[in-house]
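Numbers here are sequence positions counted from 1. Numbering of ligands and ligand atoms starts at 1, following listing order.
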Amino acid sequence: MATLALVASSCSKGPETNATPSLHEAFDGLFLIGGTLSDSMLENPSDPGYNVVAKHFNSLSPENCMKWGRMNPTPTETHYELVDSFVRYGSQNQQALVGHTLFWHSQTPDWVYQDAAGKELSREALLARMRERAELMAKRWGDEILYWDVVNESILGDGSWRKSKYQQIIGDDFTEQAFRIASETLPPHAKLLYNDYSMTDPGRRDAVVAMVKDFKSKGIRIDGIGMQGHWLMDFPDTADIAASIAAFAATGVKVHITELDIDLLGRAAFFGANVDAEKLVATPENNPYPDGNLPASEEERFAQRYQEIFEMLVQQADHIERVTFWGVSDKTNWLNNFPVRGRTNFSLLFDRNFQPKPAFYRVLETAKKR
Ligand code: XIL
């Protein structure tokens, strides 16, 4: 009887109980498992998402509060509070913390590129302003934060540099200068990462490899490559993801999957049509399960997709330092509002009631298959 009960409980695939294994413990020795703290979680310490975060993640990223525009919406305002809470929470729980992100073209206000009179900064002045931000980060949170997304998304799919404001003012060495600044200001224990999406695009993949080699030949520190991992149900192929992981690892850096979620509802068609994402609205066609009830066949398809991805990641575990989910549960994952506002999307391992989904149990199984 006792044996039977044990078998039944370890196979139990229902709601979270004390007997539900911890995800990060299951992947111990393979890679860290992370999630994010959103601003609303940081503002509400009794958010039910903390039950998931405390048990299942041993790494944490701030979803928004550390971005330049959130910290400094204007040149005279600095918001430390939410980042302080993030760092305090993660340190108390011994979670490996991620600084996301030092320099990104998005969620960065125009004042960053301008002087007090609104005139565009010179290259030197912008570099000095970037250094100030890195120094502030290092001084306040340098001891506690381990990983830093130094630059986010500066390379396009064809391998060229993104024509961001940074690139226009500083030039093609924007990313290089950012890494120089980071390595000169952040403490020696900091791990410096380049982070980007669609890392299976051959042009972007090759350019990232070339960049890492270039930095290494110049003695510029770079410790890891972050593949965001905002993936779809049928794209990219796991073989292509594995090829990128292997290509990055071959340069001697670790790979981090930094923002994993799977967009069940899909979006390729919207982007294919090149529609302005902000103007898209939910319709019965693009939002088929508004009440949050997913048909069992779709739940199964979703679980299979997560399973194939994690089987590949486990195979590549020697190259991978961390796998971070972009969020905690389907309730607040950003894909409910991107690229269409107000959809009921399904993207993570925990459902809208913070309960483990079939995909959670399928992912757990992959940790044992090594
Ligand atoms: C997203 C957040 O999840 C949203 O809440 C916010 O409105 C926009 O940014 N790539 C990144 C992340 O590096 O910072 C983005 O996060 C998702 C895409």
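Nearest to atom 16 (O) of ligand 1 by heavy-atom distance, out of Trp326, Trp334, Phe338, is Trp326. For atom 18 (C) of ligand 1, the nearest non-hydrogen atom from the set Glu259, Gln107, His100 belongs to Glu259.
Neither the backbone nor the side chain of Thr101 has a heavy atom within less than 4.0 Å of ligand 1.
The Glu153 neighbourhood of ligand 1 comprises atoms 10 (N), with distances under 4.0 Å to a heavy atom of that residue. The ligand atoms of ligand 1 that sit less than 4.0 angstrom from a heavy atom of Glu63 are 2 (C), 3 (O), 4 (C), 5 (O). Ligand 1 places these atoms under 4.0 Å from at least one heavy atom of Asn152: 11 (C), 13 (O).
Residues satisfying the side chain to side chain contact (heavy atoms under 4.5 Å, CB included) criterion with Asp143, sequence neighbours excluded, are absent altogether. For Pro295, the side chain to side chain contact (heavy atoms under 4.5 Å, CB included) test picks out Tyr289, Ser297, Glu298, with sequence neighbours left out.
Taking only nitrogen or oxygen atoms, main chain and side chain alike, Asn64 reaches within less than 3.5 Å of ligand 1.
Under the 4.0 Å criterion applied to side-chain N and carboxylate O atoms, Glu300 and Arg362 are assigned as salt-bridge partners. Residues Lys67 and Asp39 are not paired through a salt bridge, judged by the lack of any N-O separation under 4.0 Å between the basic side chain and the carboxylate.
Protein heavy atom at the shortest distance from atom 1 (C) of ligand 1 is Lys67 NZ, 3.7 Å.
Put simply, the side chain of Leu136 reaches to within 4.5 Å of the side chain of Met71, judged on heavy atoms.
Cation-pi geometry between Arg129 and Tyr113 is not satisfied (NZ or CZ under 6.0 Å from the ring centre, within 45° of the ring normal).
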